[in-house]
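Below: one structure, written as structure tokens.
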There are 2 protein chains.
Amino acid sequence: MTLKLYYDLMSQPSRSLYILLKVSKCDFEPKFIDLRKGEHYSNEYAKINRFQKVPVIDHNGFVLSESVAILRYLSGENLIPPSLYPKDNQIRARVDEFLEWHHIEFRLHLSMYFRVKHMDPIITGIPPNPKTLKGYERRLISALETFESQWLKNGNEFITGNNITVADLFAASELEQPRMAGYNPAERFLRIGSWWKNVREHFSPYYDEGHVILNKIVNKQKQQSSKL
Amino acid sequence: MTLKLYYDLMSQPSRSLYILLKVSKCDFEPKFIDLRKGEHYSNEYAKINRFQKVPVIDHNGFVLSESVAILRYLSGENLIPPSLYPKDNQIRARVDEFLEWHHIEFRLHLSMYFRVKHMDPIITGIPPNPKTLKGYERRLISALETFESQWLKNGNEFITGNNITVADLFAASELEQPRMAGYNPAERFLRIGSWWKNVREHFSPYYDEGHVILNKIVNKQKQQSSKL
């Protein structure tokens, strides 16, 4: 059995799968694709993933993209613990419900804020238009409000109940992204903060390992801001 | 066994599930939620779906939102044919890969074009800003180009190979949406057109039944345009 994971820890779903494979004690070959060097745009990588994105897996020659599809495939191969992606049809459906909801209602707004405020200015050298950025910030905050009020409901420790699942891991990785753009969701959303701490602890030490580069960027920015 | 489907045939994923349940000869109680009358915003409906969207199912008291999660749940209950959502892990992963990809890369752009060009002017009485609309049209066309070149590849009859699956049904329902805004993807994208015809025929007569209201709107608009 050979399993390769093409990833960059700058990418939220790459981090989710990296941490998931590590916590599952799954033997895999990490294949780092440096997004900041544009390695995903190379002809060589296009042969692996025609969409030129990460993450991708290659499992004995079967190449698959899309993190949620990959997670489901790995579960079907019994490579991840059923506790994290339950086999019971109703319990699994609740995890799926979050994972499907999260694409447009959550991930999109968190990653767009990161892109417009942090990435685009690095690439173009042009600072974001304040009015445009305000719109992205409003949508970011609205997504966080919905996440906190609808998914982290009183009485439940985790997204789908009192057991931690991949839904929590995927959500947590997405939440890290705006931190690189100077916005820490935990500061304004206290229930997100306490849930997030539990998720980090549950997936320790792999959660920190998956976020080591991200945390370096966050700390570097904090130091720069404090000098201003 | 009681299965209720809360739906409006104006909604793409509602149509996908409606047609899927019909073609699966699944006995269900259709519960029409009139989006144009804002019935999804009622307190009564909020008790069923806290996100106040359609589609939703209620299966013996188990209430679930998100069309892709619903499809998977129904498959787990053996309520839809395995041919449409295969049990084989690798074949299913290819269907999942499309369903996960389609949220942000496909559905978002097709539905936003429909919303900005057709729905928002009806609600607000204000015609769309031409420059704004041009941006949405560019993203719509780019999504259609990617769909045709990457998913409808030469040699394959359907999205994941030579067998039709729910991936084709979900994609076809999304493609219908911009038609209501006066844009027919089949006119510019010929491979989409021929594939689409096959999908419609395969799910006949339920495909047309699911699109009867949509087709009425499209025809009414054509008549109005021809009078101008």
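The chains referred to below are lettered A, B, ... by the order of the sequence lines, with proteins before strands, and numbering in each begins at 1. Because the structure is predicted, anything quoted here is derived from the model rather than measured.
- Chain A forms more heavy-atom pairs under 4.5 Å with one residue of His59(B), Gln150(B), Glu77(B) than with any other, namely Gln150(B).
- The distance from the CZ atom of Arg50(A) to the CH2 atom of Trp151(B) is 5.0 Å, given to the nearest 0.5 Å.
- Annotation: the span from Glu66(A) atom CD to Leu99(B) atom CG amounts to 10.0 Å, rounded to 0.5 Å.
- Atom CG in Leu108(B) sits 5.0 Å away from atom CD1 in Ile104(A) (nearest 0.5 Å).
- The most heavy-atom pairs under 4.5 Å with chain B, out of Arg92(A), Glu97(A), Arg107(A), come from Glu97(A).
- Counting heavy atoms of neighbouring residues, nucleotides and ligands inside a 6.0 Å radius, atom OH of Tyr41(A) does not exceed 12 of them.
- The shortest distance between side-chain heavy atoms of Asp96(B) and Val68(A) does not fall below 4.5 Å.
- Glu105(B) and Lys53(A) are joined by a salt bridge, as a carboxylate oxygen and a charged side-chain nitrogen come within less than 4.0 angstrom of each other.
- Atom CZ in Phe62(A) sits 4.5 Å away from atom CD in Gln90(B) (nearest 0.5 Å).
- Only the side chain of Lys153(A) comes within less than 4.5 Å of a heavy atom in chain B; its backbone stays farther off.
- Only the side chain of Phe51(A) comes within contact range of chain B, judged by heavy atoms closer than 4.5 Å.
- Dense packing is recorded around CG of Asn162(A), with more than 12 heavy atoms of other residues, nucleotides or ligands lying under 6.0 Å away.
- Proximity to chain A is limited to the side chain of Thr146(B), based on heavy atoms less than 4.5 angstrom apart.
- For a residue to count as touching a neighbouring chain, one of its non-hydrogen atoms must lie under 4.5 Å from one of that chain's; by this rule Ser67(A) does not touch chain B.
- Heavy atoms from other residues, nucleotides or ligands lying under 6.0 Å from CG of Asn60(B) number more than 12.
- Salt bridge Arg72(A)/Glu100(B): absent, no basic N to carboxylate O contact under 4.0 Å.
- The nearest pair of heavy atoms linking Ala93(B) to Ala69(A) is O-CB, 4.2 Å.
- Residue-environment remark: NZ (Lys131(A)) stays at or below the threshold of 12 foreign heavy atoms within 6.0 Å.
- At most 12 heavy atoms of other shown residues, nucleotides or ligands fall within 6.0 angstrom of atom CG in Asp27(B).
- Highest contact tally toward chain A, considering only Val95(B), Asn89(B), Ile70(B), is held by Asn89(B) [criterion: heavy-atom pairs under 4.5 Å].
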